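Structure below; questions to follow.
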Amino acid sequence: MNEKIINGKECSKIIRQNLKERIKEIDKNLKLVVIRVGNDEASKIYVNSKGKACTEVGIDFLEITFRDDVSEEVLIDKINELNNDEEVTGILVQLPLPNHINTNKILNIIDYKKDVDGLTTTNIGKLNNSEVSIIPCTAAGVIDLLKFSNTSLESKNVVIIGRSNLVGKPLISLLLKENASVSICHSKTKNLSEYTKNADIIICAVGHPNLINKDMVKENSIIIDVGINRLDDHICGDVNFDDVVNKVAKITPVPGGVGPMTVTNLLVNVVKCYEFQKN
Ligand code: GUN
């Protein structure tokens, strides 16, 4: 069974080792600043793991926190200050933001050359236009895992489930670039199985435990499970792993699949931002 598993920890380790070497060669300290608003417990955990990963590869890390009643003006002033600070390589606004804040307005204040999440309209447009851009970390991680597992994408039927800005939408461009045929499904899709049963590759990113079972997948297909669902005593993905594992050719586990790739690509994007700014 082990040869079926696409190991995100192993793939991450290789990328991080190469990155460490690259960072040592750079004659400037790289610095990532994360802005976190409010008391969302999951966000605190994610930001802590981003900080730890930065320290491990030699990137300086600063977390700036605001109360959840912070105004848009205060956030905009802080982001402008960071845009103008030459010591700051990358800026990340941890999501979600409170409801009174216009998320797109805030994200678009970030200088696109410091936008480590690739969520500014400029970076999204560049990606869709096949120009060099910062690619959202999780979507980049999905492509890394497909390549790491020697999965060819050319002419394959790929079904993405989930249409988020962080994963589903950027994957459309990334997969088209690899000459895959791409279908995108979501909560309003009728007869999801009709899509998934014809898929050579399924990428599931909806946050719905056990959405995909063996009756919905084709024999020898490849499954990338982006879901991270916290149940009472464990974490699981969107795919019923035990049910499908004997039917598919390759599959990512949860945890240990896509998860580690997100933080790894954040580190990759800090270095990319440095290179953007230098050129
Ligand atoms: N919240 C959950 N995932 C992410 C991410 O990749 N980036 C940001 N900024 N916020 C998130």
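Small disclaimer: the values here were computed from a predicted structure and weren't measured. For the numbers below, each heavy atom of this structure counts, side chains included, while hydrogens, waters and symmetry mates do not. Whatever order the structure lists ligands and atoms in, that order sets their numbers, starting from 1.
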Any protein N/O atoms within less than 3.5 Å of an N/O atom in ligand 1? List the atom names and distances, or say none.
from: ligand 1; atom 1: 1 (N); to: Gln94; atom 2: NE2; distance (Å): 3.2
from: ligand 1; atom 1: 1 (N); to: Leu95; atom 2: O; distance (Å): 2.9
from: ligand 1; atom 1: 7 (N); to: Asp117; atom 2: OD1; distance (Å): 3.2
from: ligand 1; atom 1: 7 (N); to: Asp117; atom 2: OD2; distance (Å): 3.2
from: ligand 1; atom 1: 9 (N); to: Val93; atom 2: O; distance (Å): 2.8
from: ligand 1; atom 1: 9 (N); to: Asp117; atom 2: OD2; distance (Å): 2.5
from: ligand 1; atom 1: 10 (N); to: Leu95; atom 2: N; distance (Å): 3.0

Does this structure show an ion pair linking Lys272 with Glu275, if we count only N-O contacts that are shorter than 4.0 Å?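 Answer for the salt bridge query: no.
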Answer yes when Glu219 and Lys197 have at least one side-chain N-carboxylate O distance shorter than 4.0 Å, and no when they do not.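 Between Lys197 and Glu219 there is no salt bridge, as every charged N stays at least 4.0 Å from the carboxylate O atoms.
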Less than 3.5 Å apart, which donor and acceptor atoms pair up between the side chains of residues 62-75 and the rest of the protein, not counting sequence neighbours?
from: Glu63; atom 1: OE2; to: Arg36; atom 2: NE; distance (Å): 2.6
from: Glu63; atom 1: OE2; to: Arg36; atom 2: NH2; distance (Å): 3.2
from: Arg67; atom 1: NE; to: Asp69; atom 2: OD1; distance (Å): 3.2
from: Arg67; atom 1: NH2; to: Asp69; atom 2: OD2; distance (Å): 2.6
from: Ser71; atom 1: OG; to: Val74; atom 2: N; distance (Å): 3.2
from: Glu72; atom 1: OE1; to: Lys105; atom 2: NZ; distance (Å): 2.8
from: Glu72; atom 1: OE2; to: Asn102; atom 2: N; distance (Å): 2.7

Enumerate the side-chain hydrogen bond (donor to acceptor under 3.5 Å, both in side chains) contacts for residues 170-184, please, sequence neighbours excluded, ordered by first and then second residue.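 side-chain hydrogen bond (donor to acceptor under 3.5 Å, both in side chains) check on residues 170-184 returns Asn128-Ser173, Lys147-Glu178, Glu154-Asn179.
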Apply side chain to side chain donor-acceptor pair (under 3.5 Å) to Thr138 and list each qualifying residue two or more places apart in sequence or on a separate chain.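 With sequence neighbours excluded, Thr138 shows a side chain to side chain donor-acceptor pair (under 3.5 Å) to Thr262, given in chain and number order.
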Do other residues, nucleotides or ligands put more than 12 heavy atoms under 6.0 Å from the OH atom of Tyr274?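 Count over threshold, so yes.
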